[in-house]
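Quick note: numbers below take in every heavy atom, side chains included, and nothing from hydrogens, waters or symmetry partners.
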Amino acid sequence: MRKPLAAVALLASGALTACGGTSAVADGGNPTTGGTIIYGHVQEPPCIFGGWIQQAYISRQVLDGLVTLDEDGSVKPWLATQWTVSPDGLKYTFTLKDGVTFTDGTPVDAAAVAWNFDYWENHGGNGTAKVSIDPYYKAATAVDASHVEISLHKPYPPFLTLITQGYFGIQSPTAFKARTEKENCEKPIGSGGFVVKEWKHGEEVVLTKNPDYTSWPATAKHEGPAIVDEVRWKFVADGVSRYASLSTGESHVVYEVPTVNWKDAQSRYQTIRYITPGKPVSFYINTKVGPFTDKLVRQAFAYGADRKSAVEAGFHGVIPYEGNPAVSQATPGYDAEVAKAYAYDPTKAGQLLDQAGWTAKNANGIRTKNGQSLTIKLVYGAGFIFTQEGATVLQVLQEQWKQVGIDVTLVPATQAELWGGKYSDASTFDATPSYWTSPSSAILWIVWRPSTEASPNGSNRSFYNNETLSQTIQRANSEPDTAKANALYGQAQKIIQDDAAGIGLYTQNSTYAIAPNLKDVWLEKSQGEPVFSDAYFTR
Amino acid sequence: MIRRILSKVVASVAVVVAAASATFLAQLAVPGDRATALMNLQTGQDKKWTAQELAPLNAKYGFDDPIVVQYLHYVTGLFRGDLGTSYTQKRPVAEVIGGQLLPSVTLTVAALAVAWLLALGVTLLTVKRGRILSSLGSAWEALTASLPHYWVGVVLLVVFAVQLRVFPIIGGTSAWGTVLPVLTLAIPLAGFLGQVTRDEFTQVLEQPFVTTARTRGMSDLGVRLRHVLRHAVLPAITLSGWALGALISGAVIAENIFGRPGIGQVLVTAVNTRDLPTVSGIVLVVAAVYVVANLLVDLAYAVVDPRLAR
């Protein structure tokens with residue numbers, strides 16, 4: 001099944017290139033108002049808001065945040081025009097923009113903002129928002145109608161950066177409490193540039209412009225309500241047809257351009273490639289059960305395959321290799337030196353395995369120790385975390401690991417299995433690749449916080465409890481000086497890399513192709529959500 | 001007569017409820033926890049949650065209740081016409097399915113009709129029409145029957161939507177946009193139906209009554225249409241009952257390529273997210289389609305072969 005698929009994709013891309021008559025990114029043309037943007041997205045979320053990035057993409061169109069992230073990584077005003085931080089770093093007081101209302105007519109006031117924080121943190125409103133600011137968050141209170149105060153247990157400078165993520169979109173408490181769960185799921189009420197007009201399940205979400213929009217972020221490319229009338233957010237799961245729909249004018253923007261089509265897209269459309277900050281697609285290595293409890297074997301595993309070449313070939317040079325397992329190259333505080341470790345060296349891998357006592361080899365060339373063969377169970381999310389191309393990369397690596405005597409069993413896991421918890425126990429896998437987007441190195445705390453009886457951390461999928469690492473990250477998280485904080489984050493990355501508690505693979509990317517006559521579609525900085533409220537067509 | 005119909009109806013209802021029940025129970029047996037899956041779906045994570053974090057969901061949906069209680073609750077709901085509420089979409093399952101049923105039925109019925117037209121056309125025109133034409137016909141059937149849907153869909157898309165621009169790529173449920181998805185499903189099915197019809201057709205053409213008909217001076221086309229076809233279509237009719245059921249849930253590939261709503265897509269998503277009431281609801285609907293389809297097949301038999309009506 002795999003081969004014909006690839007062949008067809010090539011055939012399709014060839015045909016598309018051949019028929020292409022549109023000129024590449026032609027500038028100029030007169031701006032127009034109105035019109036409908038048709039956007040081809042991949043995955044349909046269960047609800048319009050939530051803690052999964054698939055929900056953040058679309059909730060960003062409807063809900064505004066308190067603050068937003070600028071291109072240079074600085075935090076800029078949005079619903080909050082300004083804010084002050086108390087000298088001890090424990091109190092953030094936000095001043096809200098005057099006269100902003102939700103689309104149900106109620107005011108975006110301090111009480112509403114405080115209610116949202118309380119909902120995320122204490123009422124299961126958004127698990128990802130919660131975990132991003134846990135355990136620093138203490139409480140949110142309305143000082144008066146236009147001032148909201150958020151207090152923390154410990155200083156946490158990344159706090160502002162973290163709340164720029166789409167998960168922190170502010171909803172109308174009045175609407176939320178008065179309506180049914182279904183209505184809130186399908187048509188959340190915010191103060192954003194668009195409102196949900198209709199959700200045709202299985203097909204599209206129709207977003208219509210909010211004519212009374214007053215709360216654009218400081219990073220907006222124009223002031224005022226959206227220029228277009230509507231955005232039709234279509235779900236087109238198949239890459240070939242999604243990309244082809246641009247060439248026939250059936251869509252104006254598409255998400256996730258197939259990597260085989262990337263060069264073609266660059267020559268014909270405006271393209272944006274966004275490297276997601278946070279944890280890249282890297283392997284969690286089970287340090288609790290199995291052969292990887294031995295650090296030498298983990299390191300041999302890292303040396304044993306040419307991850308860089310496999311990634312570059314597998315993704316046609318579009319997706320960058322990432323040698324740093326802890327944070328991706330787009331993350332503030334990324335340590336590029338750490339990323340260089342474990343360049344492909346099969347000889348070194350062999351030596352490490354010898355040292356670890358895996359000296360004998362069986363008939364298939366797999367190393368053995370005390371009669372046990374060196375078998376690694378690698379579980380990956382097939383079809384949702386890993387695309388077909390990603391799976392091909394794993395197969396190439398599997399072949400190379402075999403050369404150094406490591407027998408890797410690839411276990412494609414369905415979404416139901418992986419998310420249902422089939423592979424959450426330490427006895428069920430040896431390595432599993434995964435990513436987690438976040439605009440801050442504080443992601444290290446979410447992922448690598450030690451898991452204890454009193455405070456379990458299910459996100460620490462390497463089962464790696466290292467007290468030095470924990471202390472280093474906590475110091476970094478509370479360090480007011482950015483340079484010092486980054487040095488500490490760098491140390492944390494080095495500990496993880498040196499111990500091979502994780503192994504790097506590639507960055508999580510978002511790619512977009514945009515029709516030449518649609519201008520000012522941009523991606524917000526924290527997670528790469530597309531912004532359509534500034535976009536306009538030219539004629 | 002009334003008793004026969006009544007017993008048939010009772011049996012049909014039993015089949016449908018049994019299918020939904022089996023699905024319900026089978027899903028409970030799948031490893032992994034529903035509350036965990038829901039939490040991970042809401043947060044995009046793949047982690048293990050603490051009992052404390054899962055408690056609200058377990059309480060809300062009754063995941064902690066004994067399986068017997070959960071099952072009885074589900075089945076009694078079925079008899080009240082309540083298929084339950086989707087865990088993920090927060091909407092009644094009847095509404096989740098209802099919105100997708102019409103596009104699926106349209107696609108399936110149209111695909112079946114087009115497949116029949118194609119199959120009959122090729123059969124009538126090529127069986128025993130000289131070696132070249134006959135082999136061309138059977139080669140065409142063998143080829144199309146073995147084509148994967150994805151391949152057919154993409155080729156149709158590239159040729160008719162991208163190159164010739166006759167049909168849209170993302171056509172939704174519009175009539176024009178339905179053409180390519182229908183062909184994507186119909187072409188391989190036509191090959192399949194054609195193959196079984198051809199074998200039968202060839203055999204029947206050699207029967208003495210065909211020679212008799214010809215000696216009466218009947219035209220070749222007349223013989224084929226009036227006498228031979230009637231015998232030859234029976235296996236294909238049987239297959240159609242199966243095809244109708246298989247297509248309604250198996251159309252997901254065509255739906256994905258052409259961005260079309262439908263039950264197939266909902267089923268795949270629901271299975272992935274362990275949305276048990278939705279999966280069971282769809283299986284129930286598909287089972288009902290099978291039951292109705294088989295009933296229609298029985299009727300069609302009686303029409304084609306009067307001996308069975310007696």
Enquirer: Give the interface residues of residues 89-98 of chain B toward chain A, defined by a heavy-atom separation under 4.5 Å.
Expert: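 Counting heavy atoms that sit under 4.5 Å from chain A, the residues of residues 89-98 of chain B involved are Gln89(B), Lys90(B), Arg91(B), Glu95(B).
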Enquirer: Donor-acceptor pair, Thr276(A) side chain versus Gln508(A) backbone, under 3.5 Å?
Expert: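 Yes, because the side chain of Thr276(A) sits within donor-acceptor range (under 3.5 Å) of the backbone of Gln508(A).
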Enquirer: Within the distance-only criterion (no hydrogens, no angle test), does the side chain of Gln100(B) pair as donor or acceptor with the backbone N or O of Gly262(B) below 3.5 angstrom?
Expert: yes
Enquirer: Between Pro56(B) and chain A, which part of the residue has a heavy atom less than 4.5 Å away: side chain, backbone, both or neither?
Expert: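 No part of it gets close to chain A.
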Enquirer: Pick one of side chain, backbone, both or neither for Gln55(A), based on which atoms fall under 4.5 Å of a heavy atom in chain B.
Expert: side chain
Enquirer: Would you call Glu255(B) and Arg260(B) a salt bridge, taking side-chain N to carboxylate O under 4.0 Å as the test?
Expert: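 A salt bridge is absent here (no side-chain N lies under 4.0 Å from a carboxylate O).
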Enquirer: I need the single residue from Val271(B), Leu267(B), Thr23(B) that forms a side-chain contact (heavy atoms from CB on, under 4.5 Å) with Ile282(B). Which is it?
Expert: Leu267(B)
Enquirer: So which bits of residues 431-438 of chain A come within less than 4.5 Å of chain B, counting non-hydrogen atoms only?
Expert: Ser434(A), Trp436(A)
Enquirer: Shorter than 4.5 Å, heavy atoms on both sides: which option in Asn256(B), Asn272(B), Thr273(B) has the most such pairs with chain A?
Expert: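 Most heavy-atom pairs under 4.5 Å with chain A: Asn272(B).
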Enquirer: Can a salt bridge be assigned to the pair Asp264(A) and Arg268(A) using a cut-off of 4.0 Å between side-chain N and carboxylate O?
Expert: yes
Enquirer: Taking the six-membered ring for Trp and the full ring for Phe, Tyr or His, determine whether the centres of Phe463(A) and Tyr284(A) are under 6.0 Å apart.
Expert: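 Not close enough - the centres of the two rings lie 6.0 Å or further apart.
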Enquirer: Sort Ala161(B) into side chain, backbone, both or neither according to what part of it lies under 4.5 angstrom from a heavy atom of chain A.
Expert: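 Contact with chain A: backbone only.
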Enquirer: With only heavy atoms counted, which part of Glu204(A) is less than 4.5 Å from chain B, the side chain, the backbone, both or neither?
Expert: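 For Glu204(A), there is no contact with chain B at all, as no heavy atom is under 4.5 Å.
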Enquirer: I'd like to know if the side chain of Lys130(A) reaches the main chain of Glu121(A), judged simply by a donor and an acceptor atom lying under 3.5 Å from each other, with no hydrogens or angles considered.
Expert: yes
Enquirer: So, Asn40(B) versus Trp49(B): side-chain donor-acceptor pair below 3.5 Å or not?
Expert: yes
Enquirer: Answer yes or no: are there more than 12 heavy-atom neighbours, outside Tyr61(B) itself, under 6.0 Å from its atom OH?
Expert: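 Correct, the count exceeds 12.
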Enquirer: Can you tell me which portion of Thr88(B) sits under 4.5 Å from chain A's heavy atoms? Options are side chain, backbone, both or neither.
Expert: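 Both backbone and side chain.
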Enquirer: Under the 3.5 angstrom rule, does the side chain of Asn58(B) hit a backbone N or O of Asp64(B) as a donor-acceptor pair?
Expert: no
Enquirer: So, Gln527(A) versus Tyr167(A): side-chain donor-acceptor pair below 3.5 Å or not?
Expert: yes
Enquirer: Using only atom types and a distance under 3.5 Å, with no angle test, would you say the side chain of Arg34(B) pairs donor to acceptor with the backbone of Leu57(B)?
Expert: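 Side chain of Arg34(B) to backbone of Leu57(B), a donor-acceptor pair under 3.5 Å: no, none is there.
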Enquirer: Does a side-chain N-to-carboxylate-O contact under 4.0 Å join Lys60(B) and Glu181(A)?
Expert: yes
Enquirer: Could you check which of Lys182(A), Arg242(A), Lys200(A) has the highest count of heavy-atom pairs closer than 4.5 Å to chain B?
Expert: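 Of the options given, most contacts go to Lys182(A).
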